[in-house]
Engineer: 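Here you go, one structure.
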Amino acid sequence: MYIKSPEITLSENDNLAVWKYLDLSKFLDMLLSQKLFMSRSDKFEDQYEGTFSEPTYEEIKKIAANNPKFLDYYKSHRERVVISSWHANEYESFAMWQIFTKNNEGLAIQSTIGRLKEALKAEKHFEQYIGEVNYIDYKKEYIPFEDTFFPFLFKRKSFQYEREIRIISDTSKASIAINDGLKIDVVIDQLIEKIYIHPKSENWYKNLVVEMVKKLGYEITIEKSDLESDILI
């Protein structure tokens, strides 16, 4: 299920490529558990996650003047929302390799919007949404709050380079313990279309990834990074 709203958008193109760049340990954990890790929204590096822009906050303060619990709810709500972030791009991103992988031993999962929708298993205790992040000026622009998911689909313009597509789960109505995040059930073969190995990795590491995926019983295409292509002179 995904949100449709004048303010909240998601590409209608199910073939739009999305990427997740991660370290080998996190990738291995995903394959072994057949679960996708989602981070708690208030644990993100960006402290503005799930908060409001200044125009929206001024409106909320007026409402909260007669109902103090209204503002308290939004503050605590961030602890119950978990997010899986994906990067929308037709091609690999050099910047994403630099930011999300370490020691030249990371990899990238390449999927599509359609695959994300199909890979998510139905959850009995909470709803899941897929949405495209909107990048705005938090000093001037308004964030709608009629839906509790909306604040998590807006970020500051400084983060535009992320081109983020998000899977979002709100667990506030479920009795689920959340520390740093939550693992949700996914169909791995549906979620992952291809695996790209870090462009600066050594041959032993590339062979390790290939053997590991094979021994775990997955038939997923593994590609050499396009950034590793030979120079033509």
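Please read these numbers as outputs of a predicted model, since none were measured by experiment. All values below were derived from every heavy atom in this structure, side-chain atoms included, with hydrogens, water molecules and symmetry-related copies excluded.
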Engineer: Looking at K155 and E164, is there a salt bridge between them, counting it only when a charged N and a carboxylate O are closer than 4.0 Å?
Structural biologist: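 Salt bridge present between E164 and K155.
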
Engineer: Between K157 and D137, does at least one N-O distance fall below 4.0 Å, as a salt bridge requires?
Structural biologist: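 Salt bridge between K157 and D137, a charged N being under 4.0 Å from a carboxylate O: no.
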
Engineer: Which value, rounded to the nearest 0.5 Å, describes the distance between E211 atom CD and L216 atom CG?
Structural biologist: 11.0 Å

Engineer: How long is the span from the CD1 atom in I197 to the CG atom in N207, to the nearest 0.5 Å?
Structural biologist: 8.0 Å

Engineer: Is any side-chain N of the basic residue among E59 and K62 closer than 4.0 Å to the acidic one's carboxylate O?
Structural biologist: no

Engineer: Are any non-hydrogen side-chain atoms of M38 and I167 less than 4.5 angstrom apart?
Structural biologist: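 Heavy-atom side-chain distance check passes, below 4.5 Å.
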
Engineer: Is it true that E49 and R166 make a salt bridge, defined as a side-chain N closer than 4.0 Å to a carboxylate O?
Structural biologist: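 So E49 pairs with R166 through a salt bridge.
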
Engineer: Between T221 and E193, is there a side-chain heavy-atom distance shorter than 4.5 Å?
Structural biologist: no

Engineer: Only one of Q128, H77, R80 passes side-chain hydrogen bond (donor to acceptor under 3.5 Å, both in side chains) with D170; say which it is.
Structural biologist: H77

Engineer: May I ask you to decide if the ring planes of F145 and F52 are parallel, tilted or perpendicular, using 30° and 60° as cut-offs?
Structural biologist: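 Ring orientation, 0 to 90° scale: perpendicular.
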
Engineer: Show me the side-chain donor-acceptor pairs of residues 21-29 shorter than 3.5 Å, one per line, residues at least two apart or across chains.
Structural biologist:
| unit_1 | atom_1 | unit_2 | atom_2 | d |
| --- | --- | --- | --- | --- |
| Y21 | OH | S93 | N | 2.9 |
| D23 | OD1 | K102 | N | 3.3 |
| D29 | OD1 | K183 | NZ | 3.0 |
| D29 | OD2 | K183 | NZ | 2.9 |

Engineer: F152 ring centre to R40 NZ or CZ under 6.0 Å, with the angle to the axis within 45°?
Structural biologist: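 No - R40 does not lie over the ring of F152 by the 6.0 Å and 45° rule.
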
Engineer: Output the distance between atom CD (Q34) and atom CG (L191), rounded to the nearest 0.5 Å.
Structural biologist: 11.5 Å

Engineer: Do Y48 and S53 have side-chain heavy atoms sitting under 4.5 Å apart?
Structural biologist: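 Contact flag for Y48/S53 side chains = no.
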
Engineer: Could you report the tightest heavy-atom contact between A88 and L16, atom names first, then the distance?
Structural biologist: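 A88 and L16 have their closest heavy atoms at CB-CD2, 4.3 Å.
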
Engineer: To the nearest 0.5 angstrom, please state how far the OG1 atom of T171 sits from the CD atom of E127.
Structural biologist: 12.5 Å

Engineer: Within the 4.5 Å heavy-atom criterion, are F149 and V81 side-chain neighbours or not?
Structural biologist: no

Engineer: Report yes if some heavy atom in the side chain of I143 is under 4.5 Å from a heavy atom in the side chain of N134; otherwise report no.
Structural biologist: no

